[in-house]
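One structure is given below, encoded as structure tokens.
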Amino acid sequence: MYNFNEIQEKWQKYWDEKETFKTSNESDKEKYYILVEFPYPSGSGLHVGHVRSYTALDAMARMMRMQGYNVLFPMGWDAFGSPAEQYAIKNKVYPANMVKDCIQTFKGQMKGLGFSFDWSREFATTDPEYYKWTQWQFLKFYEAGLAYKDEKEINWCPNCLTGLSNEDAEGGVCERCGAKTEKKLKEQWMLRMSDYSERLLEGLKETDFMDKIKTAQINWIGKSEGAIVHFELEDAEDKLSVFTTRPDTLYGVTFMVMSPEHKYLEKYKDRIKNIDEINKYQEYAKSKTEIERTDLTKEKTGVKIDGLRCINPLNGESIEIWISDYVLANYGTGAIMAVPAHDERDYEFAKKFGIKIIPVIEGGDIEKEAYIGEGKMINSGVLNGLTDKKTSIEKIISYLEEKGFGEKKTNYRLQDWIFSRQRFWGEPIPMVYCEKCGWVPLPYEELPLILPDVPSYEPTENGESPLANVHDWVNTTCPKCGEHARRETDTMPNWAGSSWYWLRYTDPNNDKEFASMNALKYWGMVDYYNGGMEHATRHLLYARFWHEFLYDQGLVPTKEPFKKRVAHGMILGENGEKMSKSKGNVVNPDDMVKEYGSDALRTYEMFIGDYEKDAAWNENGLKGCKRFLDKVYRLKEKVVDGNNYSEDLEILINQTIKKVENDIKTMNYNTAVSALMILSNKYEEKENITKADYKVLIHLLNPIAPHITEELNELIGEKTPLCETEFPKYDENKTVESTVKIAVSINGKLRATFDANLDEDKGMLLNKAKELENIQRHLEGKEIIKEIVVPNKIVNIVVK
RNA sequence: GCAGGUGUGGCGGAAUUGGCAGACGCACUAGACUUAGGAUCUAGCGGAGAAAUCCAUGGGGGUUCAAGUCCCUUCACCUGCACCA
């Protein structure tokens with residue numbers, strides 16, 4: 001019937017040669033910026049999952065272009081990172097070569113699928129012309145005091161021999177290889193992301209992200225309000241400060257707990273009589289992995305510190321101090337006040353070690369469990385008698401502040417971003433260390449600091465980047481004093497390059513700035529940003545942080561980078577499981593294109609189900625979509641001349657235009673395809689259709705199946721390709737039928753239907769309903785109690 | 001434990017937001033055309049029933065003339081966070 005390969009090639013060539021999708025930064029049209037996460041160009045090629053999200057946004061981009069928007073729909077490559085490096089280690093090849101090959105493959109596949117990217121704006125994060133600006137921006141962070149080097153206990157992957165950020169070591173497991181992570185003390189570059197906690201939270205209000213993405217970010221930032229309380233140490237200068245969200249229970253404190261890493265343990269080691277026991281516990285805590293330590297089912301452990309006590313500022317009582325690993329070093333102050341009567345964890349600890357429990361809120365039974373509800377305050381000095389938690393908290397905080405015992409405090413779970421990786425394949429951090437001057441930033445003129453090739457890509461055993469072995473490169477002179485200095489050998493994390501790439505697309509060839517302010521202002525916020533759910537608390541948070549920083553520096557015009565963020569569901573294997581080589585359920589898009597054509601694959605992936613939900617692959621479904629396209633092709637035989645819609649199709653056509661346009665904008669692609677199927681089914685019932693009828697069908701289908709529809713458009717004698725033609729418009733008045741079907745029910749049960757004119761009055765509808773045979777039968781011998789008439793919809797008669 | 005989400009035929013999924021549940025597609029069944037069918041066409045397709053009709057949107061309860069949709073309750077599964085003080 002037709003050769004889809006020829007059709008694809010023909011139109012792909014046409015778009016390439018005509019530069020159909022090249023976008024200008026100067027236009028009278030309204031701008032629209034559609035962005036889909038750029039892929040990591042791995043060796044395995046494009047995944048059918050990529051095809052889903054790319055087609056979805058491609059359809060949106062194609063439609064909006066035809067509707068007169070100036071659409072920016074770019075593509076590039078996030079090419080630094082582990083897979084290329086792993087491959088390089090194994091095969092002893094320069095990762096850049098491998099990356100180049102992979103990009104070629106990906107790009108070929110994308111073109112083969114007919115995505116309308118503006119290829120003139122393509123770049124890779126590994127291009128020196130690009131990472132020059134990543135380094136440049138790092139220096140801006142440094143200048144602003146937001147990049148600092150700190151010896152930190154970091155998440156360490158013993159397999160990859162590298163440090164990981166908290167986001168990359170979620171659940172105590174290495175994101176890359178799945179190994180259990182350890183804690184390791186190491187000097188690391190850090191970015192002060194925690195300074196932006198509140199802003200990142202507030203900024204969400206300016207966005208239109210999906211709720212689950214917002215919630216994930218809100219949880220991750222983890223804001224909690226409470227107070228810092230200072231407990232004086234007995235016979236010592238220092239105070240033991242704790243963060244608590246329940247300062248109202250301060251009178252119920254019966255012990256304190258420090259994390260095993262608390263600095264006072266070292267500072268006061270000479271005073272602590274059982275220091276050996278304490279050290280032993282510290283060792284024990286360290287030996288545990290994150291998973292073991294946070295295992296909620298395990299029993300509480302801990303050691304009482306002998307020789308160090310503190311004083312409750314409210315009542316002057318002497319309080320014992322313990323150490324336990326249920327208190328985390330990196331949250332709050334690394335120490336807590338324990339109120340066993342009203343906190344489950346403290347209760348468990350107190351029960352195990354026989355510590356006294358003082359209730360300060362009435363309710364519950366402290367013999368059985370900690371009472372966490374509200375109630376009347378008791379044993380609580382100034383708070384006695386209060387029953388409202390909020391009032392109690394406010395009152396005690398102002399009391400603490402007045403006396404200098406503490407202050408109101410908001411805490412965030414979000415930590416600073418660990419920005420160093422002990423890896424080769426990443427952006428070099430443009431810093432040098434001079435014995436005399438300390439850490440010195442590279443002057444901006446010296447950027448890019450090119451990543452040199454190395455003899456071996458393996459990280460060293462002591463956890464240094466392979467760059468440390470490139471002596472020519474490492475040894476340099478200090479930009480400040482000219483003396484001998486050494487370059488930083490750690491590289492940036494994979495997330496660096498993707499933290500600003502959407503800005504570069506606006507002005508990709510600029511060698512004076514990362515993007516001109518004019519270009520940034522013209523394109524503004526990304527209107528529609530699509531990506532995976534797995535990035536909700538990583539890439540998306542890093543990117544927002546980075547962008548907000550640039551905004552503070554006056555380098556970008558908007559506070560937030562993305563207006564709307566959507567996430568696509570995964571394409572699962574035919575067995576409903578995640579596609580993986582080991583499960584043997586991977587579907588290669590190339591094979592599908594070869595067998596059914598790009599348009600069929602695109603159509604199927606749009607039709608597969610709710611865009612946001614996971615969906616299992618089913619090749620029969622793909623066949624069905626191929627059949628649909630074949631049907632559309634065959635309908636060409638029914639076309640007769642005519643510049644107007646057939647009279648009996650007019651309403652349906654207008655309805656379909658409305659539905660398809662709306663569905664593509666709101667990402668309800670499955671129902672858009674379904675509407676087009678309904679329309680073509682209708683066409684098929686007819687002897688003939690007009691050219692106008694046919695053209696509207698192929699035009700509406702064009703964003704989803706661009707090749708075959710362009711071809712058909714040409715075959716019916718049209719000179720201008722669809723992509724250069726205005727998208728069909730609908731007439732609202734013609735989306736409603738002049739007659740409607742009215743349902744008639746008795747006691748809410750459907751008994752009959754009849755046709756009525758649109759907007760017929762209630763009395764008429766009721767009369768007509770009552771005349772129906774089946775209705776009369778049901779009314780016989782019954783008493784009518786109530787009659788409800790909803791115009792254009794339903795008549796319901798209630799009888800007894 | 002906390003937060004978010006989902007639950008509708010054999011399957012993927014619709015349902016204009018309270019108004020005819022199951023659109024559209026797949027699979028399946030029967031038939032037509034055919035040398036052939038992974039093509040095409042016709043008919044059927046939630047369950048029970050000859051039919052009238054009854055039952056049916058995870059379970060139970062409620063509001064309403066009317067509930068997949070709203071409220072309460074319960075169960076199951078998925079995702080994220082999790083000894084965060």
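Chain identifiers are assigned alphabetically (A, B, ...) following the order of the sequence lines, protein sequences preceding nucleic acid strands; residue numbering begins at 1 within each chain. Hydrogens, waters and symmetry mates play no part in the numbers below; they use all other heavy atoms, side chains included.
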Using atom [atom1] of each nucleotide, how far apart are [N] and [M] to the nearest Å?
N: B/U34; M: B/U40; atom1: C1'; answer: 10 Å
N: B/A56; M: B/C20; atom1: C1'; answer: 15 Å
N: B/G7; M: B/G58; atom1: C1'; answer: 6 Å
N: B/U69; M: B/G18; atom1: P; answer: 11 Å
N: B/C41; M: B/G25; atom1: P; answer: 11 Å
N: B/C11; M: B/G22; atom1: C1'; answer: 13 Å
N: B/G46; M: B/G10; atom1: C1'; answer: 10 Å
N: B/G44; M: B/A27; atom1: C1'; answer: 14 Å

For a quick test of reading the model: is some side-chain N or O of [X] closer than 4.0 Å to OP1 or OP2 of [N]?
X: A/Arg538; N: B/G80; result: no
X: A/Arg413; N: B/A82; result: yes
X: A/Lys212; N: B/G4; result: no
X: A/Tyr326; N: B/A85; result: no

Using whole Å, what does the distance between atom [atom2] of nucleotide [N] and atom [atom1] of [X] come to?
X: A/Leu629; N: B/G38; atom1: CG; atom2: P; result: 20 Å
X: A/Asp211; N: B/U6; atom1: CG; atom2: P; result: 10 Å
X: A/Met533; N: B/U6; atom1: CE; atom2: C1'; result: 14 Å
X: A/Glu637; N: B/U40; atom1: CD; atom2: C1'; result: 14 Å
X: A/Leu414; N: B/G80; atom1: CG; atom2: P; result: 19 Å
X: A/Lys223; N: B/A85; atom1: NZ; atom2: P; result: 13 Å
X: A/Asn330; N: B/A82; atom1: CG; atom2: P; result: 11 Å
X: A/Glu225; N: B/A85; atom1: CD; atom2: C1'; result: 15 Å

Does [X] have any ring pair (Phe, Tyr, Trp, His ring centres under 6.0 Å) partners at least two apart in sequence or in another chain, and if so, which?
X: A/Phe607; answer: none
X: A/Tyr669; answer: A/Tyr611
X: A/Phe209; answer: none
X: A/Tyr412; answer: none

In terms of side-chain geometry, is the basic nitrogen of [X] or [Y] positioned less than 4.0 Å from the acidic oxygen of its partner?
X: A/Glu760; Y: A/Lys768; answer: yes
X: A/Lys626; Y: A/Asp630; answer: yes
X: A/Lys638; Y: A/Glu684; answer: no
X: A/Glu37; Y: A/Arg565; answer: yes
X: A/Glu619; Y: A/Lys623; answer: no

5'-most contact on RNA chain B (nearest-nucleotide basis), A/Ala743 vs A/Phe243, goes to A/Ala743

Check whether A/Asn774 reaches the backbone of A/Arg751 with its side chain - one donor and one acceptor, N or O, closer than 3.5 Å.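 The answer is yes, because a donor-acceptor pair under 3.5 Å joins these two groups.
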
For [N], which nucleotide in any strand shown is its Watson-Crick or wobble partner with both distances under 3.5 Å?
N: B/A48; result: B/U53
N: B/A30; result: B/U42
N: B/A3; result: B/U79

Touch class at under 4.0 angstrom, heavy-atom based, for [X] against every strand present:
X: A/Lys214; value: nothing
X: A/Glu574; value: nothing
X: A/Ile678; value: sugar-phosphate

Residues within residues 791-800 of chain A bordering RNA chain B, heavy-atom distance below 4.0 Å: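 By residue number: A/Lys793, A/Ile794, A/Asn796, A/Val798.
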
Where along residues 762-783 of chain A does a heavy atom come under 4.0 Å from RNA chain B, residue by residue in number order?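 Output list: A/Asn774, A/Arg777, A/His778.
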
Can you check nucleotides 25-28 of chain B for protein contacts, nitrogen or oxygen pairs under 3.5 Å, and list what you find?
unit_1 : atom_1 : unit_2   : atom_2 : d
B/G25  : OP1    : A/Asn681 : ND2    : 3.2
B/C26  : OP1    : A/Arg627 : NE     : 3.2
B/C26  : OP1    : A/Arg627 : NH2    : 2.8
B/A27  : OP2    : A/Arg627 : NH2    : 3.3

Is B/U17 syn or anti, taking syn as a glycosidic angle within 90° of 0?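 Syn conformation here, the glycosidic angle of B/U17 being no more than 90° from 0.
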
Using O4'-C1'-N9-C4 for purines and O4'-C1'-N1-C2 for pyrimidines, with syn meaning within 90° of 0, is B/G62 syn or anti?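 Glycosidic conformation of B/G62: anti.
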
Close N/O contacts between protein and nucleotides 13-15 of chain B (under 3.5 Å):
unit_1 : atom_1 : unit_2   : atom_2 : d
B/G13  : O3'    : A/Asn670 : ND2    : 3.2
B/A14  : OP1    : A/Asn670 : ND2    : 3.2

Give a yes or no on whether a donor-acceptor pair under 3.5 Å exists between the nucleobase atoms of B/G5, that is its base, and the side chain of A/Glu612. no

Pi-cation contact, A/Tyr326 with A/Lys300 (under 6.0 Å, within 45°):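 A/Lys300 over A/Tyr326 ring: yes.
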
Suppose we screen for side-chain contact (heavy atoms from CB on, under 4.5 Å). Which residues come up paired with [X], at least two apart in sequence or across chains?
X: A/Ser224; value: A/Phe243, A/Thr245, A/Tyr331, A/Asn411
X: A/Asn575; value: A/Glu577, A/Asn585
X: A/Ala705; value: A/Asp599, A/Thr603, A/Leu629, A/Leu701, A/Ile708

Side chain to side chain donor-acceptor pair (under 3.5 Å) contacts touching residues 783-792 of chain A (sequence neighbours left out):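 For residues 783-792 of chain A: A/Asp759-A/Asn792, A/Lys770-A/Glu787.
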
Of all the nucleotides listed ([options]), which has the minimum atom distance to the side chain of [X]?
X: A/Ala216; options: B/C83, B/G80, B/U40; result: B/G80
X: A/Arg751; options: B/A3, B/C54, B/A85; result: B/C54
X: A/Asn219; options: B/C83, B/G80, B/C54; result: B/G80
X: A/Tyr596; options: B/G38, B/G19, B/C54; result: B/G38

Around atom CG of A/Leu758, are there more than 12 heavy atoms from other residues, nucleotides or ligands closer than 6.0 Å? yes

Tell me, yes or no, whether the heavy-atom count around A/Lys578 atom NZ, taken from other residues, nucleotides or ligands under 6.0 Å, exceeds 12.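 No, not enclosed.
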
